[in-house]
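Below, all heavy atoms of this structure are taken into account, side chains as well, without hydrogens, waters or symmetry copies. This is a predicted model, so every value here is computed, not measured.
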Amino acid sequence: MKKIVLIIMVFLGVAACKTNPFTGQKVLNFYPNSQIFPTAFAQYDEFLGENKVITGTEDAKMITKTGQRIAAAAERWLTANGYPGYLKDYKWEYNLVNDETVNAWCMPGGKIVFYTGILPICNGETGVAVVMGHEVAHALADHGAQRMSAGTLQQLGAVAGNVVIQDEQKRNIFNQAYGIGSQVGVMLPFSRSHETEADRIGLQIMAIAGYNPDEAAELWKRMQANSGGGAPPEFLSTHPSNETRIANLTEWAPLARQEAAKFGVTSFQ
Ligand SMILES: [Zn+2]
């Protein structure tokens with residue numbers, strides 16, 4: 001029985017690789033959008049129903065406007081690089097929630113939440129674009145689906161041979177992958193490599209959207225100052241160390257400008 005499970009796991013692993021358009025690397029992901037997005041959309045609506053969504057204010061409008069620019073930039077990049085239609089199942093939504101937690105997240109399919117607590121660190125639209133680019137990048141690169149796939153393999157190992165993933169199980173795996181259940185909407189931190197990847201992709205997208213990529217490192221310096229000595233804010237918890245991240249972002253900013261130039265974007269706000 002163990003052997004069969006192993007064979008199935010290897011099969012899933014081989015058969016279920018998907019290419020990440022941004023890195024060109026094959027990654028383990030056997031959850032198509034059609035299987036994940038409906039769950040994500042439902043969870044998102046549930047979260048919005050249980051939290052105080054701010055609408056109509058300047059801040060709320062800024063979140064929406066920045067999100068739309070970032071999404072449009074992602075679409076341009078994907079189309080130009082041979083992935084037209086990559087975003088066809090996405091249903092972008094950008095909401096500001098009244099909560100002092102220093103956090104923001106994007107669920108699969110483009111469902112974004114900013115907490116008011118992160119706005120002082122963003123310090124304006126360009127800072128919002130840094131965070132938005134990063135969160136959207138997690139969604140574009142299917143980091144959640146990859147985590148679900150890894151979680152499923154673990155479960156397959158655990159239940160020995162029960163390979164038919166029922167809806168109930170799928171929901172549980174989704175919830176585990178997103179840290180939903182114990183606290184709705186508090187996303188589990190991504191792995192360090194996923195964080196670094198989201199930083200790089202996010203920087204590129206923000207530059208194409210016309211936002212100054214030099215501001216990314218500045219945002220993380222503010223984040224570092226904000227965490228000053230005490231426990232790091234949630235947004236940081238297992239993210240790469242601030243020093244590494246700031247060094248990376250500083251090094252990659254000129255590359256992001258070059259990428260933006262390919263799209264005719266040469267001035268940045
Ligand atoms: Zn992240």
Side-chain angles (χ1 to χ4, degrees), residues 17-29 66-67 69-83 86-87 90 103-108 110 112 114 118 121-122 125-147 150 187-224 235-263 265-266 268-269:
C17 284
K18 185 177 168 186
T19 302
N20 176 339
F22 296 93
T23 62
Q25 284 172 348
K26 287 209 181 291
V27 290
L28 177 72
N29 179 2
T66 312
R69 280 177 64 171
I70 293 288
E75 180 108 55
R76 286 182 76 190
W77 189 92
L78 286 160
T79 302
N81 285 276
Y83 292 89
Y86 187 88
L87 299 173
Y90 281 62
N103 206 3
W105 45 258
C106 179
M107 275 191 188
I112 294 150
F114 268 66
I118 204 169
I121 294 168
C122 290
E125 191 175 329
T126 306
V128 167
V130 174
V131 175
M132 188 77 73
H134 175 93
E135 295 305 328
V136 163
H138 278 307
L140 294 175
D142 292 323
H143 288 160
Q146 287 175 45
R147 194 157 60 186
M187 308 283 275
L188 276 185
F190 284 102
S191 71
R192 207 160 279 216
S193 63
H194 281 176
E195 284 308 324
T196 304
E197 193 171 286
D199 275 346
R200 201 171 54 73
I201 297 168
L203 194 70
Q204 196 169 307
I205 297 170
M206 77 174 283
I208 294 168
Y211 293 108
N212 183 357
D214 295 334
E215 281 300 309
E218 297 307 314
L219 175 122
W220 286 102
K221 286 175 193 168
R222 288 196 293 277
M223 194 77 85
Q224 187 173 32
F235 193 67
L236 287 175
S237 42
T238 61
H239 281 182
S241 81
N242 273 316
E243 286 74 17
T244 307
R245 168 167 254 153
I246 290 166
N248 283 342
L249 290 167
T250 305
E251 185 189 328
W252 296 332
L255 303 174
R257 284 170 183 272
Q258 282 173 22
E259 192 63 31
K262 293 184 197 164
F263 293 85
V265 180
T266 51
F268 303 91
Q269 79 177 65

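Between Phe268 and Met206, the closest side-chain pair of non-hydrogen atoms is not below 4.5 Å. Counting only heavy atoms from C-beta outward, the side chains of Arg200 and Thr23 approach each other to under 4.5 Å. For the pair Asn20 and Asp142, the minimum side-chain heavy-atom distance is 4.5 Å or more. Residues Pro21 and Leu78 meet the side-chain proximity criterion, which asks for heavy atoms closer than 4.5 Å. Annotation: side chain of Arg76 is not in contact with side chain of Ile205 (no heavy-atom distance under 4.5 Å). The shortest side-chain heavy-atom distance between Leu203 and Glu259 does not fall under the 4.5 Å cut-off.
Between Ile112 atom CD1 and Met132 atom CE the span is 5.0 Å, to the nearest 0.5 Å. Once rounded to the nearest 0.5 Å, the distance linking NE2 of His134 with CG of Leu249 reads 9.5 Å. The CG atom of Leu140 lies 6.0 Å from the CG atom of Leu87; values are rounded to the nearest 0.5 Å. Remark: Leu219 CG to Arg245 CZ distance equals 9.0 Å, nearest 0.5 Å.
Trp77 has its ring centre no less than 6.0 Å from the ring centre of Tyr83.
Note on Arg69 versus Glu125: salt bridge recorded, some NZ/NE/NH1/NH2 to OD/OE distance being below 4.0 Å. Using a cutoff of 4.0 Å between basic side-chain nitrogens and carboxylate oxygens, Glu218 and Lys221 are scored as salt-bridged.
Under the 3.5 Å distance criterion, the side-chain polar atoms of Tyr211 are left unmatched by any main-chain donor or acceptor of Gly133. In this structure a side-chain-to-backbone donor-acceptor pair under 3.5 Å is missing from Arg257 to Thr266. For the pair Thr126 (side chain) and Gln269 (backbone), a donor-acceptor distance under 3.5 Å is present.
Below 30°, between 30° and 60°, or above 60°: for Phe22 and Tyr86 the angle between ring planes is above 60°, a perpendicular geometry.
Residue Ile208 comes nearest to Ala73 through the heavy atom pair CG2-CB, 3.8 Å, listed as atom of the first residue, atom of the second, then distance. Scanning both residues, Ala207 and Ala256, for their nearest heavy atoms gives CB-O, 3.5 Å. The nearest pair of heavy atoms linking Phe263 to Ala80 is CE2-CB, 3.7 Å. Closest approach of Ala139 and Met107 over heavy atoms only: CB-O, 4.1 Å.
In the model, Glu197 has no side-chain atom that pairs as donor or acceptor with a side-chain atom of His138 under 3.5 Å.
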